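Written out below as structure tokens is the structure these notes cover.
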Amino acid sequence: ITLTLHIDDIADALPQAQFMADAWFLDGFSPSRNGAMWDAELFPLIAGRCKPGAVAATFTVARAVRDGLSAAGFKVAKRPGFGRKRDRLEAVFQDAQHKQADPFALRSPQDPPKRIAVLGAGIAGAATAHAAQSAGITPVVFDPAGPASAASGNPLALVMPRLDASDTVQARLLVDAYLHAREFYSGLPGVEQVEVRQPPRNEEERARFAKVLLDPPLPLEDLEALADGGLLHKGALILRPKDVIDALLTDVETQVGTAPDVDLEACSVGGQSFDAIVIASGMALSETAPWLGLVGKLGQVEHVSSAPDAPASALAAGHYALATGAERLWGATFEHTDSLDPQISPSAFEANATALNRLSPWWLSQIRGADIESRAGIRATTPDRLPIGGALPDLDAAKELFAPLSTGREVRADAPIHKGIYLIGG
């Protein structure tokens, strides 16, 4: 069960809400005391967010509520109440003509899939397979090189928030994603909590941090100011990605070794038919949807596994440096590449060394004389640096359908999609 709380006036929140509900409990006191909650214009909005057969219940049996629900396509019946409530209403949604258009393809499929193929066994693919399995869907994961073999295969990784000074939808998304990630990873093997010191890189960043702290998006137990004008992130995580991904893929069928034939039209992978396919293959997403504008960014990190034992700690300011036990990891570079084959380079090694010295010179003494291993991966980077996820659009059909938008006309229609094909990445 998913519970989403909208703390807002219903007249503002409901028109913006993007979900399809199985059930509604309408608990807005009586219409005589709270008329705005029961405004006649709200009932079609409720109907527009109903799955077929959705049910609604409320303790008020006022004529205006019964009429409003009926007019919106519900079959309404009065039932015995509870306690001091003599009566209540039960309603079942029956009229699909009130369903709102779905221009962003956010509506769940009417028939949920039973068996899906996931292309890619990095963190995106593993998390997708884990979520599917938790929902009672059988996932089969395909990855020619095996789990945690590409960009998700670094020995250590850092989970920390990116905090924007402005209160925008994007800024809230990033905070929500961070908080969800912390909860999601909690209890998995290869995960430990760490404090991250984030010093400002320049005066502009110092001013931005100060603005963030004037109205912090996280509570004091998660975020503090540092004396040098930086930020201290107290709930961050160091991950061992291979351990995390292996745990997420426990009891999940994973096929590795060869690249399977994929037929999106037939919804088949390796000759097997599936109810849906989720493409979670990093930069290889560009082969399916070149119009996404993904750009490859080569990232090289350096790793030592024989340093003096130390508690978990992290520094981050453009580059980052992680310590846990005898391990140290620092990087990462961010270089444009048109290749899908990541290559380590001496220039990237030097760039990481320079950045590490700038972060904290004492680190150099910690790793002097140790064997340093370099590793490179390719990030699938979106133009706006935000993730992509959802149904694969039918681009040609969408261009034709939504062409009137370019002249300022409104288009109320469902987005054309390739049925059963989904993307996650970026």
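None of these values were measured; they are calculated from a predicted model.
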Go through the steps for V76 and K78 under the test side-chain contact (heavy atoms from CB on, under 4.5 Å), then give the verdict.
-> CA-CA 7 Å; V76 181; K78 189 185 292 188; over 6 Å; no

Take R240 and L156 through the test side-chain contact (heavy atoms from CB on, under 4.5 Å) and record every step on the way to the result.
-> CA-CA 5 Å; R240 300 181 185 276; L156 299 174; 3.7 Å; yes

With side-chain contact (heavy atoms from CB on, under 4.5 Å) as the test, would you mind laying out the steps for T138 and Q133 before giving the verdict?
-> CA-CA 6 Å; T138 300; Q133 192 173 52; over 6 Å; no

Chi angles and distances behind the side-chain contact (heavy atoms from CB on, under 4.5 Å) call for I388, L285 = CA-CA 11 Å; I388 50 176; L285 281 171; 4.0 Å; yes

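Counting only distance, with no hydrogens or angles, the side chain of D394 and the backbone of H418 share no donor-acceptor pair below 3.5 Å. Judged by distance alone, the side chain of R66 and the main-chain N or O of V61 form a donor-acceptor pair under 3.5 Å. Of the possible donor and acceptor atoms, none in the side chain of D164 sits under 3.5 Å from a partner among the backbone N and O of S166. Within the 3.5 Å criterion, the main-chain N or O of G122 finds no donor-acceptor partner in the side chain of S152.
Salt bridge absent: R197 and E195 never bring a charged side-chain N and a carboxylate O closer than 4.0 Å.
Between D143 and V118, every side-chain heavy-atom pair lies at or beyond the 4.5 Å cut-off. Under the 4.5 Å side-chain criterion, counting only non-hydrogen atoms from C-beta, E302 is not in contact with L356. With contacts defined as side-chain heavy-atom distances shorter than 4.5 Å, the pair Q198/M160 qualifies. Inter-residue side-chain proximity for P161 and L174 is flagged as unmet; no heavy-atom pair is nearer than 4.5 Å. Under the 4.5 Å side-chain criterion, counting only non-hydrogen atoms from C-beta, I46 is in contact with L26. You'll find the side chain of T382 reaches within 4.5 Å of the side chain of L294, heavy atoms only.
Annotation: R172, atom CZ; neighbour count of heavy atoms from other residues, nucleotides and ligands within 6.0 Å does not exceed 12.
Side chains of T407 and R409: a donor on one and an acceptor on the other come within 3.5 Å. Side chains of S32 and S30: a donor-acceptor N/O pair is present below 3.5 angstrom, by distance only.
A side-chain contact (heavy atoms from CB on, under 4.5 Å) with E203 holds for exactly one of R201, R206, E205; it is R206.
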